[in-house]
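Take a look at the structure below.
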Amino acid sequence: MLSASATSTYPVTQQSTLISRVPANCKPFIRPRFILPIDRRFGAAQAATSPLISTATASKSLYLGLDFGTSGARAAVIDDDGRLVQDVKMGYGDNAAADWAGAWKRGLFELIGALDPAVRTSITSVAFDGTSATALLVDRRDGTPLAPPKLYNEAQAKGVVAAAQAIAPPAHTATAATSTLCKLLTWWDCTGDGGKWRRVASERGLAMPGPSSGATVTATALPPPLLLHQADWLAALLHGEYGSGVTDWNNALKLGYDPELESYPSWLMEQPFAPLLPARVVAPGAPVATLERRVAEETGLPLDCLVCGGTTDSIAAFVAAGVTEAGQAVTSLGSTLAVKLLSTTRVDDAAYGVYSHRLGDVWLVGGASNSGGAVLRRFFTDQQLRELTPRVDSDRPTGLNYYPLPSPGERFPVADPDLQPRMAPRPDDDAVFFQGLLEGISQIEAAAYSRLAAMGASPLKEVVTAGGGAVNPKWTAIRRRLLGVPVRAAEQGEACYGAALLARQGARQANRQTALTASAQ
Ligand SMILES: Nc1ncnc2c1ncn2[C@@H]1O[C@H](COP(=O)(O)OP(=O)(O)O)[C@@H](O)[C@H]1O
Ligand SMILES: O=C(CO)[C@H](O)[C@H](O)COP(=O)(O)O
């Protein structure tokens with residue numbers, strides 16, 4: 001269940017990089033302005049065992065990244081030089097689907113508890129990443145979920161999508177069937193099973209806004225429920241500031257937030273459910289709040305440990321991979337296939353599941369398919385994948401032309417909730433079947449980058465791979481042939497490492513703010 005690994009080692013590369021500015025008006029890139037120094041120093045590679053831990057904790061500045069992905073949760077602790085001091089991984093357990101929120105909460109405190117005490121007490125800041133558009137409806141007084149969370153890939157009913165299309169601009173990413181906005185509308189509009197939350201809310205003395213109750217939020221002094229994303233809710237378990245709710249640019253994108261305006265658009269704010277939206281939206285890595293005292297006492301984290309703005313898992317993997325030039329891209333080959341291309345122009349179109357995330361002042365354009373490693377796991381264990389890989393002949397395509405999906409429905413590069421999986425006929429030889437699946441997922445990836453190019457995103461120059469599939473050299477060869485650009489595994493592809501870099505960025509930002517305040521007095 002829980003494996004506290006002392007840790008892996010990381011390559012010795014020193015690179016400190018500035019990312020060029022992307023003009024907010026989406027015109028072709030004409031004027032480089034350095035805006036966001038993401039300090040990408042990797043420290044000296046050392047066997048991260050107790051000697052490193054003792055050295056790192058002596059520095060008293062450690063940063064914790066927490067990744068809550070599809071199949072499990074991971075923690076990474078880094079020092080000021082970006083050296084990995086400790087990492088811990090865990091699965092959610094076989095019964096997680098019966099109570100996802102409970103599994104995530106248990107996982108959070110188990111991961112923290114599994115850290116070396118000398119490490120835990122030296123953690124200066126923490127940041128989370130979670131699966132995008134995974135939403136919870138909670139009691140804003142204490143964060144108690146009022147209904148089961150709606151996960152990242154749960155497509156909402158066509159009627160709800162139509163309701164989203166009626167209020168959002170054409171082709172807006174918030175109108176995708178799996179968007180957070182559609183999940184909020186499902187809770188808000190429906191009265192059947194999905195409306196059970198209303199009874200729970202009423203029993204807890206919350207306002208009962210929404211069509212079926214007839215009441216409006218302003219008509220009562222009671223607090224309305226609060227919508228949070230998975231990463232927001234986990235962070236609030238540490239800082240305890242539910243109240244008006246805190247989220248980040250990346251998690252809020254599929255709710256309808258405009259990262260260019262740095263605000264919710266008027267078409268969203270004028271909706272009757274607007275009071276349910278998390279009011280504070282911060283940049284990924286921005287300082288949010290320090291730990292709640294009770295949490296510090298129970299976990300052994302320092303009372304002044306700073307919780308920072310989070311992000312989504314594929315963006316955390318992008319940050320970890322350290323790409324910085326327009327045209328470079330990160331493909332996350334995890335349970336799902338997610339692509340992020342660093343582009344000088346923003347492109348968005350829900351019809352293709354394409355949207356643009358903002359990181360600092362650059363655009364990460366792409367999307368996430370339902371295909372990916374989860375399909376492989378339907379048929380093979382990771383061990384079987386390792387055993388079959390030597391028999392994959394990447395130079396001889398199988399011609400099987402699969403479209404591998406775990407179930408009907410696709411988000412990107414086509415947004416079609418009814419798209420059927422295509423994984424037949426199944427050859428007798430498992431190695432050929434496995435190769436057909438790899439080719440099918442690779443063809444989806446290639447189609448995804450072609451779609452981005454057709455929409456005017458920066459031309460693809462290189463793909464860096466993160467996630468569990470990055471380890472497979474035959475898969476990399478198939479992808480390189482289809483993509484026609486260099487493809488390599490990320491030196492650091494774990495999303496939790498990217499989240500730890502965001503935590504480090506937030507601690508430094510807070511220190512700068514403190515120094516400026518002190519010098520002004
Ligand atoms: N040797 C391999 N070849 C191809 N895919 C692999 C290999 N080992 C693991 N995987 C895939 O990697 C996926 C897990 O990657 P990971 O990044 O941990 O996923 P996530 O964080 O989305 O849960 C699994 O679905 C598995 O199928
Ligand atoms: O599929 C996912 C599950 O791992 C990703 O979380 C998500 O869909 C990627 O979305 P984004 O591009 O907003 O990070």
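Order of listing sets the numbers, starting from 1, for every ligand and every atom in it. Atom set for the values below is all heavy atoms of this structure, side chains included, hydrogens, waters and symmetry mates excluded.
Taking every non-hydrogen atom of Lys254 and a distance limit under 4.0 Å, the qualifying atoms of ligand 2 come out as 8 (O), 10 (O), 11 (P), 13 (O). Within ligand 2, counting atoms from 1 as listed, the ones closer than 4.0 Å to a heavy atom of Thr70 are 3 (C), 4 (O). For ligand 1, the atoms lying closer than 4.0 Å to a non-hydrogen atom of Ser335 are 19 (O), 20 (P), 22 (O), 23 (O). Counting the atoms of ligand 2 from 1 in the order shown, those under 4.0 Å from a heavy atom of Ser314 are 9 (C), 11 (P), 12 (O), 14 (O). Residue Trp475 has at least one heavy-atom neighbour below 4.0 Å for each of these atoms of ligand 1: 4 (C), 5 (N). Atoms of ligand 1 found under 4.0 Å from any heavy atom of Gly469, numbered from 1 in the order shown, are 5 (N), 12 (O). Of all atoms in ligand 2, numbered sequentially from 1 with element shown, those under 4.0 Å from a heavy atom of Thr131 are 3 (C), 4 (O), 6 (O). Close approach of ligand 2 to Thr336 (heavy-atom distance below 4.0 Å) involves ligand atoms 1 (O), 2 (C), 3 (C), 4 (O). Here is the list of ligand 1 atoms found below 4.0 Å of a heavy atom in Gly467: 17 (O).
Counting heavy atoms closer than 4.0 Å to ligand 1, residue Phe380 contributes nothing at all. Contact annotation: for Thr70 versus ligand 1, heavy atoms closer than 4.0 Å belong to both the backbone and the side chain. In Asp67, neither the side chain nor the backbone holds a heavy atom less than 4.0 Å from any atom of ligand 1. Contact annotation for Ala374 and ligand 1: only backbone heavy atoms (N, CA, C, O) come within less than 4.0 Å of the ligand. Residue Arg74 touches ligand 1 through its side chain alone, judged by heavy-atom distances below 4.0 Å.
Checked by distance only, ligand 1 and Gly373 come closer than 3.5 Å through their nitrogen or oxygen atoms. Considering backbone and side-chain atoms alike, Gly468 places an N or O below 3.5 Å from some N or O of ligand 1. Taking distance alone, with nitrogen or oxygen atoms compared against 3.5 Å, Asn472 approaches ligand 1 more closely than that limit. Residue-to-ligand polar distances place Lys340 within reach of ligand 2: an N/O pair is separated by less than 3.5 Å. For the pair Ser71 and ligand 1, the shortest N or O to N or O distance falls below 3.5 Å.
For atom 8 (O) of ligand 2, the closest non-hydrogen atom on the protein side is Arg411 NH1, 2.7 Å. Nearest protein heavy-atom neighbour of atom 7 (C) of ligand 2: Ser132 CB, 3.4 Å. The nearest heavy-atom contact from the protein to atom 9 (C) of ligand 2 is Ala368 CB, 3.7 Å. Atom 13 (C) of ligand 1 has its closest protein heavy atom at Gly334 C, 4.0 Å. Given atom 4 (O) of ligand 2, the protein heavy atom at minimum distance is Asp313 OD2, 2.6 Å.
Closest heavy-atom approach to atom 6 (C) of ligand 1 within the set Leu385, Leu437, Val471, Val392: this belongs to Leu385. Evaluated by nearest non-hydrogen atom to atom 14 (C) of ligand 1, the leading choice among Gln383, Lys89, Arg377 is Arg377. Relative to atom 26 (C) of ligand 1, the option among Asp382, Asp313, Leu376 with the closest non-hydrogen atom is Asp382.
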>> Please determine whether salt bridge (charged side-chain N to carboxylate O under 4.0 Å, His left out) holds for the pair Arg74 and Asp313, giving the CA-CA distance in whole Å, both sets of side-chain angles, and the decisive distance to 0.1 Å.
In response: CA-CA 11 Å; Arg74 304 160 181 84; Asp313 55 354; over 6 Å; no

> Where do Arg479 and Glu445 land on the salt bridge (charged side-chain N to carboxylate O under 4.0 Å, His left out) test, with the steps shown first?
Replying inline: CA-CA 8 Å; Arg479 296 171 51 228; Glu445 180 192 20; 2.8 Å; yes

> Given Lys474 and Asp393, is the salt bridge (charged side-chain N to carboxylate O under 4.0 Å, His left out) satisfied, shown in steps?
Replying inline: CA-CA 8 Å; Lys474 295 292 183 68; Asp393 185 349; over 6 Å; no

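Nearest heavy atom pair, residue Leu277 against residue Leu184, reads CD2-CD2, 3.7 Å.
Going from atom OG of Ser442 over to atom CG of Leu483 covers 7.5 Å, rounded to the nearest 0.5 Å. Separating the OG1 atom in Thr247 from the CG atom in Leu253 is a distance of 10.5 Å, to the nearest 0.5 Å. With rounding to the nearest 0.5 angstrom, the OG atom of Ser179 is 12.5 Å from the CD atom of Glu154.
A donor-acceptor pair under 3.5 Å is formed between the side chain of Asp258 and the backbone N or O of Leu261. Panel note: side chain Gln384, backbone Thr381; a donor-acceptor pair is recorded below 3.5 Å. In this structure a side-chain-to-backbone donor-acceptor pair under 3.5 Å is missing from Asp129 to Ala499.
Side-chain contact annotation: Gln435 with Thr398, donor-acceptor N/O pair under 3.5 Å absent. In this structure, a donor-acceptor pair under 3.5 Å is present between the side chains of Glu387 and Gln383. Inspection of the Gln505 and Gln509 side chains reveals no N or O donor paired with an N or O acceptor under 3.5 Å.
Here the options are Tyr402, Phe433, Phe434, the test is ring pair (Phe, Tyr, Trp, His ring centres under 6.0 Å), and the partner is Phe379; only Phe433 passes. Tested against Leu341 for a side chain to side chain contact (heavy atoms under 4.5 Å, CB included), the candidates Leu364, Thr331, Leu452 yield a single pass: Leu452.
Around OH of Tyr264, the count of heavy atoms belonging to other residues, nucleotides or ligands within 6.0 Å exceeds 12.
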